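Reviewing the structure listed below.
In this text, all values refer to a predicted model and were calculated from it rather than measured experimentally. As a basis for the values below, the full set of heavy atoms in this structure was taken, side chains included, without hydrogen atoms, waters or symmetry mates.
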Amino acid sequence: MEIEKIIACDDGEVKKLGYGKTVISCISYREVWPENIKIGIIHTDGLDATSVISYLIKILSNGKKSIVLFDSITIAGFNVISLPGIEKLTGFPSIVIYSYKPSVKNLLDALRPHFKDSEIRELAINQIKSYKKIESKKGILYIVNWGVNTEDAIEIINSYQFYSRIPEPLRISHIISSQVSKIINPYIN
């Protein structure tokens with residue numbers, strides 16, 4: 001699979017159960033080098049993650065063929081990322097990379113008592129049912145791949161595992177969003 005850019009997105013610190021906002025950072029890598037970062041704001045437990053992330057991805061891709069990495073389908077509490085929505089809005093495939101075995105049952109058990117619109121969120125969470133256990137060069141991971149075959153997903157993951165099982169763009173996106181949210185969250189909540 002020919003890719004010109006890798007874009008990784010992750011959220012910052014969140015306050016649980018329905019209030020506040022947090023930072024989402026997306027970082028683009030061209031080959032093995034970080035190229036650009038964009039920061040957005042999403043609602044904790046909202047339904048705006050897919051649209052905000054898609055906007056950031058479009059800016060970062062700059063028209064180049066890209067693939068998007070996430071560390072979870074749930075973000076900012078129970079805000080959810082729709083992988084088909086990301087593909088429809090950006091034209092790019094995505095890979096969700098879990099360092100642990102994801103449990104749809106545990107997520108749904110936590111979701112249903114707190115959200116009247118749980119059926120909408122369940123559609124995105126059910127994407128996790130298609131996860132695959134993979135052996136990467138740094139160890140076992142669980143992935144949900146959308147628009148990219150499993151072999152290409154493993155190759156991309158292996159290519160960006162520099163220091164840990166988590167690919168470097170995703171690791172750096174996590175660090176950036178966590179640090180920026182500590183500074184910005186008091187002002188946006």
Side-chain angles (χ1 to χ4, degrees), residues 3-14 20-100 102 107 121 124-125 127-128 131 141-148 152-153 156-157 159-162 164-185 188:
I3 301 284
E4 295 179 77
K5 289 189 183 194
I6 299 289
I7 299 172
C9 302
D10 198 12
D11 61 346
E13 292 182 350
V14 296
K21 300 172 189 164
T22 194
V23 169
I24 179 107
S25 72
C26 294
I27 185 168
S28 63
Y29 271 64
R30 191 169 175 97
E31 297 174 358
V32 297
W33 304 107
E35 182 180 56
N36 202 344
I37 300 166
K38 295 294 177 195
I39 305 289
I41 306 293
I42 57 175
H43 291 85
T44 302
D45 298 328
L47 289 171
D48 57 348
T50 301
S51 60
V52 171
I53 291 168
S54 294
Y55 175 73
L56 298 174
I57 291 167
K58 290 292 277 186
I59 293 169
L60 287 170
S61 70
N62 199 24
K64 306 289 185 201
K65 190 170 181 179
S66 303
I67 191 160
V68 186
L69 307 180
F70 300 107
D71 76 343
S72 181
I73 284 175
T74 58
I75 195 162
F78 271 109
N79 207 326
V80 290
I81 300 169
S82 166
L83 302 180
I86 294 289
E87 184 177 51
K88 183 175 183 175
L89 293 169
T90 67
F92 302 136
S94 50
I95 308 168
V96 183
I97 303 164
Y98 292 94
S99 57
Y100 56 89
L107 285 168
R121 298 166 201 271
I125 290 170
Q127 297 168 120
I128 298 169
Y131 81 83
L141 290 169
Y142 300 85
I143 66 167
V144 178
N145 45 312
W146 185 269
V148 56
D152 287 340
I156 289 163
I157 291 166
S159 298
Y160 285 90
Q161 286 179 321
F162 303 150
S164 71
R165 284 184 302 155
I166 304 305
E168 191 66 2
L170 200 51
R171 191 180 78 81
I172 296 300
S173 179
H174 174 76
I175 291 169
I176 291 167
S177 57
S178 295
Q179 294 303 312
V180 171
S181 69
K182 288 177 185 176
I183 297 165
I184 292 178
N185 281 4
I188 61 174

Distance in Å, [X] [atom1] paired with [Y] [atom2], rounded so as to fall on 0.5 Å steps:
| X | Y | atom1 | atom2 | answer |
| --- | --- | --- | --- | --- |
| I57 | C9 | CD1 | SG | 4.5 Å |
| R121 | L107 | CZ | CG | 12.5 Å |
| I67 | I7 | CD1 | CD1 | 10.5 Å |
| I95 | I156 | CD1 | CD1 | 4.5 Å |
| C26 | I37 | SG | CD1 | 10.5 Å |
| I166 | S173 | CD1 | OG | 12.0 Å |

Examine distances only and state if a side-chain atom of [X] and a backbone atom of [Y] form a donor-acceptor pair shorter than 3.5 Å.
| X | Y | value |
| --- | --- | --- |
| K5 | L60 | yes |
| R171 | S164 | no |
| S54 | T90 | no |
| E168 | V32 | no |
| R165 | S99 | yes |
| S181 | E13 | yes |
| E87 | G147 | no |

Check whether any side-chain heavy atom of [X] sits under 4.5 Å from a side-chain heavy atom of [Y], and report yes or no.
| X | Y | result |
| --- | --- | --- |
| D152 | N145 | no |
| I172 | P34 | no |
| Y142 | I128 | no |
| F70 | D11 | no |
| Q127 | P84 | yes |

Identify the two heavy atoms, one from [X] and one from [Y], that lie closest to each other, and give their separation to 0.1 Å.
| X | Y | result |
| --- | --- | --- |
| L69 | L170 | O-CD1, 3.8 Å |
| L56 | G40 | CD1-N, 3.8 Å |
| D71 | V96 | C-CG1, 4.0 Å |
| R30 | E4 | CG-O, 3.7 Å |
| P169 | I27 | O-CG2, 3.4 Å |
| F92 | V68 | CB-CG2, 4.3 Å |

(message) Does the plane of the ring in Y160 sit parallel, tilted or perpendicular to the ring in F162? Use 30° and 60° as the thresholds.
(response)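 Tilted.
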(message) With side-chain contact (heavy atoms from CB on, under 4.5 Å) as the test, pick out the partner of I75 among T44, V52, I53.
(response)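 That would be I53; it is the only one of T44, V52, I53 passing the side-chain contact (heavy atoms from CB on, under 4.5 Å) with I75.
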(request) Let me know which of I42, I176, I184, D10 forms a side-chain contact (heavy atoms from CB on, under 4.5 Å) with V23. (result)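 For V23, the side-chain contact (heavy atoms from CB on, under 4.5 Å) test succeeds with only one of I42, I176, I184, D10, which is I184.
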(message) Here's a test for you: under side chain to side chain donor-acceptor pair (under 3.5 Å), which of T50, D48, D45 qualifies with N79?
(response)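 It is D48, the one option of T50, D48, D45 that forms the side chain to side chain donor-acceptor pair (under 3.5 Å) with N79.
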(request) Show the numbers, then the answer: is there a side chain to side chain contact (heavy atoms under 4.5 Å, CB included) between L141 and Q161? (result) CA-CA 12 Å; L141 290 169; Q161 286 179 321; 3.6 Å; yes
